[in-house]
Structures are given as structure tokens and as C-alpha cells.
Protein chains: 2
Amino acid sequence: MSKQVSISVIRRLPRYYRFLGELLKNGIHRISSRELSSRMGLTASQIRQDLNCFGGFGQQGYGYNVEALYGEIGHILGLDQNYKTILIGVGNLGRAVANHMTFDGRGYELIGLFDSNEKVVGDVVRDIAVMDMDEMEDFCIKNKPDVAILCTPREAAQRIADKLVELGVRGFWNYSHYDINMNHPHVAVENVHLGDSLMTLCYKVKDLDSPDGPAEGNKNI
Amino acid sequence: MSKQVSISVIRRLPRYYRFLGELLKNGIHRISSRELSSRMGLTASQIRQDLNCFGGFGQQGYGYNVEALYGEIGHILGLDQNYKTILIGVGNLGRAVANHMTFDGRGYELIGLFDSNEKVVGDVVRDIAVMDMDEMEDFCIKNKPDVAILCTPREAAQRIADKLVELGVRGFWNYSHYDINMNHPHVAVENVHLGDSLMTLCYKVKDLDSPDGPAEGNKNI
DNA sequence: TAGATTGTTAATCGATTAACAATC
DNA sequence: TAGATTGTTAATCGATTAACAATC
């Protein structure tokens, strides 16, 4: 039984993936933990520790093969999965998320959009016509989505999420200003909380002017 | 000199703020660290430790006054500041961010929108007409914005950010799929990286099916 | 006063960094 | 082979939790 990988490590994986993709684009095929660490602002030790949670992808005296490592991390993240995904709440934000993100071939397949506003129902976004919320249940029974993106107002989020869990949804990408609280071991939630992020920035900016100088020095964490 | 407050603590502040706001709405005026911890899924000890980084806001035998604490945390976060803010890149995402977020009275004031696409220039979003990128420099010299929201494509982000730092911008809310790298001690950056978040969710969903059961038990971190 | 709950110190736990033997 | 760099163990550091005296 391999030891559980901590969430801190997991959260660094997409960043490794991005940097490796960039290296690939630049035609770099080989990289040492030391070189990668200096590009990413980490320690080489941390990179080796992180990667070794999943296997020995490197080679002594050589380093890591960029293509291979990129593929491995993509696989670890599950980007070769194809989770059927629906999006609830096709307002400004929902629409932007649907249009802006690359879902296909990145672990997800967008199969349905829902909104309760009749002015929005029928609109076509990403080649998908927005359905009425009333149709959601039937749609889910028929199409068995795995993941839901919640772009609803705060008030509706918990109720809709509970319903969707009943209908078999196992993952939530939550944009509502609400911590959806899943008392269920078999549901994964990723909260986005843009408002929290904006408040954190506010603190950081304010902190620049503080007498002791900014916290954590210069590290943009 | 008070000890530097760690980024882990800072990142919890907006969440405290949200929960306290919710309590206020529900007419709850007093709360103990124990009660709050159970609502938030933290330990009471952690809440007391966190708050005591900034001062003794509670009272032995009583707990915390919700209004007062809400106000204090808002103040610590800097929500009573009024940072002049511009947004660059009024595409799907930029438009949604501008429309969706509450800036005014939450530490920010949105004063300008910029885009290089002439089809977008002149559009009015949030009562502000989108300006051409060429006007950005003059605008900044005249209006001295403090914060910039970057919703540009990946390629443009670093260049625009560097320019804005020159022009006196001290904070960046970065939506571009790029780690803007500020080699400057007096600039604060908050990266949003929605793509990373989506990949993390993918891992979590995949992990639900893993033989050892999901990592970190049931905690939706 | 007695009970409750904080502020704060001490103990524990986990994550990061350093060191180095293994090996390509 | 010699040099480089990994995988991995040990040391350090920081964050979380527990405990409890102070005090409302």
C-alpha cells in the first residue's frame, strides 16, 4: 500500500505539468531537478520528493525526460480520463467558464448546461443548448454525469449539490460563494472562491506598506 | 514588532469573514471558538491561534462578539481600503470577473478596463467604457491605479505586468495561465489559475476510486 | 462565586530541506 | 571510469493541536 499523498503535493502537480509543457514547447527534452527547481522557485529536493510519491521517473546522472514526465503527471492527474461534466448556472461567470476552459481531452467532456432563467434557456454555448433546471434530473438519470460545475448563486448551491450527489455526481467544481459541505466520503469538491482570493490580495497589497515589510519576503505564494 | 503572520493564516481570514457575515445575517451576535470551529470544520484551537496573531478579540467566559470580529477581520484584510483597480483583457472571462465581483466597498474601486481587440474597445461594462491598450500608459500616469486584474492570454501577461509595475501598480490578480514572476519585493501577486484547480479536481475524483480510498479521508480541502 | 472560554505555552504532527549512498 | 544526479533517509522547520492558567 503506497502512502497517501498529501494535498500539498497534489496541488503542485498542475504547476509541474504547466512548466513541463512549456519546456516541451521550447524543445527541451531533458531536465534535472536542480534546473527545474530554479525555474519554478522551489528546491530540487522538494521536486524529487514530490515525484517520488508516484514513482522513480528520473535517472541518476541524467535527470528527467521531459516528455515522459509530462505524460506521467498528466496520467497521475487523470487528464486521460473523460468525466462527463455538466455546468449549472449559465450567467456571466458560468458562460465564461464554459467558453474559457479547455475541457475536452483534459479529463472532462462538457455534456450539458442548465439554468433556471428562461431568458437563458435555449442559448447555445459551446455547441450546447442551455436546458431548464427542471430537465436536470431526467438528463442526469439518462446521461450519468460524473462532475458538476456550480456557477449558481450562493443560496442555490447546497440544495443543487445535494440533489446531484443523489443523482450520482461525484465531483464538484464550486464557484458559488459557499462552502458546499458534502458529508459524503465519495464526493470530491474543489472550491474556487474568487472572492476569498481577492480579499487575500487586498491583505497582501496592504501588507506591502506595513512597517515590518511584506510577509514571507518576496515569495509570491 | 509583531511576528510575521503566515500565509496559511491569511488564507483562512476570508473564510472566517464569510462565516461571520453569515452568522450576522442569521442574527447571531456571540460565538465561541468551539461553536465556530464546528461550523467551519476546524479546531477551536486553530481559530484562537489564528485570531491571536492580530489581537485578543475575544473575552474569557463569553467568546467573540460577531459584529466586532467581523469588523476586525474586514479591517485586517484591508476591505476598508479603496485601491484603484484596472482590468486588462475584456474577453469572456474579464467581462465575467468585472460583472460578477463586488469591488466597491470591499477594498477596491474599478476605474478602468482595457483590451487590445478593437471590437471590444468602447463596449460599456459596469458603467465603464473599455479603452484601447494604447491608452493604458497615459491612463495610469494620470490615474495611478494600485491594482491590476490580468485576464489576458498567457503570452501577453508578463509583458503587461512588467509595464504596469513600472507605472506604479503594486498588486496583481492574475487569471492568465502564467505564473507572473515579479522580481520585486514591493509587488503582491495573487494567482488564480483556474486550470490548475480543474486538474486538482480531476485528481480528487480519480482518487475516489483508488484502492486505498480517497486521500485525506473525507476532508474537502 | 462558579462556569465558561479565552489567550498562550508546550507537545505533536507533518511538510520541507539537507545530506548522501546508489547508480546511471 | 568519473561526473552527475537521482531516490531516499535523516534533520529541520513550521503549522496544528492539546493543555491549562488567567480571567471574564
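Chain identifiers are assigned alphabetically (A, B, ...) following the order of the sequence lines, protein sequences preceding nucleic acid strands; residue numbering begins at 1 within each chain. Small disclaimer: the values here were computed from a predicted structure and weren't measured. Below, all heavy atoms of this structure are taken into account, side chains as well, without hydrogens, waters or symmetry copies.
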Open item on the list: Which is more 5' along DNA chain C, the nucleotide nearest A:Asp50 or the one nearest B:Gly61? Just name the residue.
Closed with: B:Gly61
Task: Listed nucleotide nearest any side-chain atom of A:Arg48, set D:dG7, C:dA15, C:dG7 - done: D:dG7
Open item on the list: In this structure, how many angstroms lie between the C1' atom of D:dT6 and the CD atom of A:Glu35, rounded?
Closed with: 16 Å
TODO: In plain terms, say whether B:Asp146 and B:Lys84 are close enough for a salt bridge, that is, a side-chain N and a carboxylate O under 4.0 Å apart.
DONE: no
- [ ] Would you kindly give the CD-to-P distance between A:Gln49 and C:dT17, to the nearest whole Å?
- [x] 10 Å
- [ ] Step by step, work out the salt bridge (Lys or Arg N to Asp or Glu O under 4.0 Å) result for A:Glu67 and A:Arg30.
- [x] CA-CA 8 Å; A:Glu67 270 102 341; A:Arg30 169 189 162 177; over 6 Å; no
Open item on the list: Between P on D:dA22 and CG on B:Asn52, what's the gap in Å once rounded to a whole number?
Closed with: 16 Å
Open item on the list: Under 4.0 Å, heavy atoms only, any strand: does B:Ser32 hit a base, just the sugar-phosphate, or nothing?
Closed with: sugar-phosphate
TODO: Return no unless some side-chain N or O of A:Arg12 is found under 4.0 Å from OP1 or OP2 of C:dT16.
DONE: yes
Task: C:dA18 base / A:Ser45 side chain donor-acceptor hit below 3.5 Å - done: yes
Task: For atom CD1 of A:Ile7 and atom P of C:dT16, their distance in whole Å - done: 12 Å
Task: Selected nucleotide, minimal atom distance to A:Tyr64 side chain, candidates D:dT6, D:dT16, C:dT16 - done: D:dT6
- [ ] Could you check how far CG of A:Leu51 sits from P of D:dG7, rounded to whole Å?
- [x] 8 Å
Open item on the list: Taking the minimum atom-to-atom distance to the side chain of B:Arg30, which one of C:dT5, C:dT6, D:dG7 wins?
Closed with: C:dT5
Open item on the list: Is there a salt bridge (Lys or Arg N to Asp or Glu O under 4.0 Å) between B:Glu35 and B:Arg39? Walk through the geometry before answering.
Closed with: CA-CA 6 Å; B:Glu35 169 66 10; B:Arg39 290 178 185 245; 2.9 Å; yes
Task: B:Arg11 bridged to A:Asp196 by N-O distance under 4.0 Å - done: no
Task: Distance, rounded to the nearest Å, where B:Leu36 contributes CG and C:dT6 contributes P - done: 10 Å
- [ ] Taking atom types as modelled, find out whether A:Arg48 and A:Ser33 have a side-chain donor-acceptor pair closer than 3.5 angstrom.
- [x] yes
Open item on the list: Between C1' on C:dG3 and CD on B:Gln59, what's the gap in Å once rounded to a whole number?
Closed with: 14 Å
Open item on the list: By the 4.0 Å heavy-atom rule, please label A:Thr43 as base, sugar-phosphate, or nothing.
Closed with: sugar-phosphate
TODO: Go ahead and name the base partner of C:dG14; Watson-Crick or wobble counts if both distances stay under 3.5 Å, otherwise write none.
DONE: D:dC13
Task: Mate of C:dC20 where both pairing distances stay under 3.5 Å, Watson-Crick or G-U - done: D:dG7
TODO: Assign each of A:Tyr62 and B:Arg34 to its nearest nucleotide of DNA chain C by heavy atoms, then name whichever residue's nucleotide is nearer the 5' end.
DONE: B:Arg34
Task: A:Gln60 CD - D:dT5 P separation (whole Å) - done: 12 Å
